[in-house]
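Side chains included, hydrogens not; waters and symmetry mates left out as well; all remaining heavy atoms used. In listed order, ligands and their atoms are each counted from 1.
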Amino acid sequence: MIPPKPPVRPEKVSLLTYLRLFRQDILSAQPAKLYRAWMAEFRTPFFRSYMINQPSLVKTVLNARPRDFPKSDRIGAGLRPLLGNSVFLTNGATWERQRRIIDPAFEGGRLRDTFPAMWAAGQAATARMGGGVQELEELTSFAAADVIFRTLFSIPIEDRIAQAVFSEFRDYQRTQPILNLAAFVKGPKWMPRLFSKRTKETAHSIRVLITELTEARMAQIKDGTAPDDLATKIMTTADPETGETFTTEEMVDQVAIFFLAGHETSASALAWTLYLLAMFPDWQEKLAAEAKALDAGCDFKVMSKLRLSRDVFREALRLYPPVPMMVRESKCPENFRDRAIKPGAQVVISPWHLHRHTRLWDNPDGFDPTRWATENGKQCMRDAFIPFSSGPRVCTGAGFAMVEGPLLLSMLVRNFRFETTERTPVPVAHLTVRSKDGIWLKISKRTDDA
Ligand code: HEM
């Protein structure tokens, strides 16, 4: 049984068809050969992009010489109304300074401090979950947003502002298909202007709400009444090089990206993992048995017992990497696989294709959480598994997500059983990898103690 995979397009299509397919969904717009190619060139009259699938080239771009392959401004332009100058978009000295301030908040020790808030969000998600046939992406988005608000600002999703931010973000997501195109195509400069008035308005109202939260927190920090959460940590950390802390404006930019990057991605991963568990009930039962360790109560140490949950979550991140592709721009003339790459060309790294590469992985499209203990799995983990990217620009929330994912998963399967329905999800790329018409599962409360 092979988990859902998007259809591929025919090898040869006209440019217009190609652009139309791109606009719909970047995954199904690709030919099958990308799953076995080391590199591919997209050549059109307007732009050239190169997708690299060869592990050594991916390492060159992400790990060895990241300064020569900064993030493309073109993508940034599309997200800027919402994210301003956030760490996700900046490059160079600004980006380095932002990471110096943000990174300490996500270090191992802090994760332990964050754990009770995650646990509380997991309990709330379990309490909210009803039975019957339900759409999972909606439920996991709510749960992941709750995790972010509780860990960042010590408020639950039921809070007035948290609710408003969550629903405005949902609207924002729906106005995004153009981003797919902008991400891949080094298109004309006017491309970002295609962003609708509605998108800009939504971005503005999200920022107004986040500013309210951030200003209130600034005041609490001054009063000495601020809770010890991620927001306080980030807002009180001074850049070790300059001694400066973030201004309110800069913090608003960062909160916007934490919320976006932190909840969309985890929601996608959780929903696909639950679908996989419904497809493979024997694994679901194994996880439910392992999850009995949670009965001992809220203690970070339990994470070391949720090993199967972690392996399953990892396998879901392999098959359905929430961020399916990343784009960089080459600054210098390069030679990749005997092809000359000019400065300014787009270099696309595709976790989606790398994670299912037929020349790298055993059983690339199959679901096999035991693979991580095999030689092939270990090798591929080092060379061809980048759900959080890699190198200096690696996801700041990677450690956080690897606690949140397995924890919430275990809490849910400890209490519920998930079964497939006749609706098979079709993966498509929105801001993250989602299902075209949602992920529908039948949910029932576990009454047995199995
Ligand atoms: C399963 C969950 C997650 C996945 C798969 C994921 C994946 C990624 C990936 C692939 C990138 C790099 C994007 C690029 O270079 O174009 C990234 C960056 C980022 N992520 Fe995550 N992420 C997840 C959860 C989180 C969480 C929970 C947070 C914060 C609470 C977070 C915050 C960020 C930030 C701030 C960046 C920008 C880092 C930089 O450019 O320096 N992510 N994430």
Side-chain angles (χ1 to χ4, degrees), residues 58 61-63 66 69-72 74-76 78-79 83 85-92 94-103 105-106 110-111 114 117-118 121 140-141 143-153 179 183-184 229-231 233-234 251 253-273 310 313-329 346-352 354-355 385-409 429 431-433:
V58 173
V61 171
L62 294 180
N63 304 81
F69 300 93
K71 282 209 169 180
S72 154
R74 220 48 69 94
I75 309 171
L79 287 168
L83 301 180
N85 245 342
S86 91
V87 64
F88 192 79
L89 299 178
T90 51
N91 281 311
T94 309
W95 170 79
E96 282 172 21
R97 170 175 170 274
Q98 291 171 338
R99 288 285 300 231
R100 285 197 298 270
I101 296 179
I102 291 167
D103 285 356
F106 290 92
R110 294 293 305 184
L111 265 185
T114 307
M118 274 187 196
T140 56
S141 286
D146 194 23
V147 170
I148 292 293
F149 278 113
R150 285 177 193 260
T151 52
L152 204 56
F153 278 109
L179 250 193
F184 229 90
D229 51 22
L230 290 178
K233 173 73 184 160
I234 294 168
M251 185 61 190
D253 294 345
Q254 315 313 327
V255 174
I257 187 58
F258 290 148
F259 188 75
L260 181 69
H263 103 281
E264 273 290 317
T265 46
S266 294
S268 154
L270 268 174
W272 283 108
T273 318
R310 186 201 57 202
F313 189 67
R314 207 172 257 164
E315 182 69 342
L317 288 175
R318 183 184 73 80
L319 286 168
Y320 302 101
V323 180
M325 291 181 202
M326 297 178 274
V327 187
R328 299 292 190 265
E329 196 166 303
Q346 305 271 108
V347 176
V348 180
I349 294 171
S350 172
W352 182 274
L354 193 63
H355 290 182
F385 183 64
I386 49 167
F388 299 106
S389 186
S390 183
R393 275 212 101 126
V394 69
C395 171
T396 42
F400 181 103
M402 286 308 296
V403 175
E404 174 194 14
L407 176 68
L408 262 64
L409 198 58
L431 268 182
T432 52
V433 171

Are any non-hydrogen side-chain atoms of [X] and [Y] less than 4.5 angstrom apart?
| X | Y | result |
| --- | --- | --- |
| V347 | E329 | no |
| F106 | R110 | no |
| F258 | I234 | yes |
| P387 | V323 | no |
| L260 | F88 | no |
| P324 | V433 | yes |

Whether [X] lies under 4.0 Å from ligand 1, heavy atom:
| X | value |
| --- | --- |
| Q98 | no |
| G405 | no |
| K71 | yes |

**Request:** Calculate, to the nearest 0.5 Å, the distance between atoms OG1 and CG belonging to T273 and L408 respectively.
**Result:**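 The distance works out to 10.5 Å.
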**Message:** Rounded to the nearest 0.5 Å, what separates atom CG in L270 from atom NE2 in H263?
**Reply:**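 Going from the CG atom of L270 to the NE2 atom of H263 covers 12.0 Å.
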Quick one: nearest non-hydrogen protein atom to [atom], plus distance?
| atom | result |
| --- | --- |
| atom 38 (C) of ligand 1 | R99 NH1, 3.3 Å |
| atom 37 (C) of ligand 1 | F88 CD1, 3.5 Å |
| atom 40 (O) of ligand 1 | R393 NE, 2.9 Å |
| atom 15 (O) of ligand 1 | R328 NH2, 2.7 Å |
| atom 10 (C) of ligand 1 | P387 O, 3.3 Å |

**Message:** Looking only at side-chain N and O atoms, does R393 offer a donor or acceptor that is under 3.5 Å from a partner on N63?
**Reply:**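 No, R393 and N63 have no side-chain donor paired with an acceptor closer than 3.5 Å.
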**Request:** Answer yes if the side chains of S86 and Q254 hold a donor-acceptor pair under 3.5 Å, and no otherwise.
**Result:**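 Note: S86 and Q254 side chains miss the donor-acceptor criterion.
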**Message:** Under 4.0 Å, heavy-atom basis, I'd like to know which part of M325 is in contact with ligand 1: side chain, backbone, both or neither.
**Reply:**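 The answer is neither.
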**Prompt:** Is the shortest side-chain N to carboxylate O distance from D146 to R150 below 4.0 Å?
**Reply:**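 Looking at D146 and R150, the cut-off is met.
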**Request:** For the pair E315 and R318, find out whether any cationic side-chain nitrogen is under 4.0 Å from an anionic carboxylate oxygen.
**Result:**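 R318 and E315: salt-bridged.
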**Request:** Tell me the protein N, O or S atoms under 2.8 Å from atom 21 (Fe) of ligand 1, in chain and number order.
**Result:**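 Listed by chain and number, the atoms are C395 SG.
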What atoms in ligand 1 come closer than 4.0 Å to a heavy atom of [X]?
| X | answer |
| --- | --- |
| F400 | 27 (C) |
| W95 | 39 (C), 40 (O), 41 (O) |
| F106 | 30 (C) |

**Prompt:** Do any nitrogen or oxygen atoms of S266 lie less than 3.5 angstrom from nitrogen or oxygen atoms of ligand 1?
**Reply:**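 It does not: no N or O of S266 is found under 3.5 Å from an N or O of ligand 1.
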**Request:** Consider every N or O of E404 and every N or O of ligand 1, then say whether any pair is closer than 3.5 Å.
**Result:**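 N/O-N/O distance below 3.5 Å does not exist for this pair.
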**Request:** Return the set of residues passing ring-ring contact (aromatic ring centres under 6.0 Å, His included) with F385 (not counting sequence neighbours), or none when no residue passes.
**Result:**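 Result, ring-ring contact (aromatic ring centres under 6.0 Å, His included) vs F385: H355, W372.
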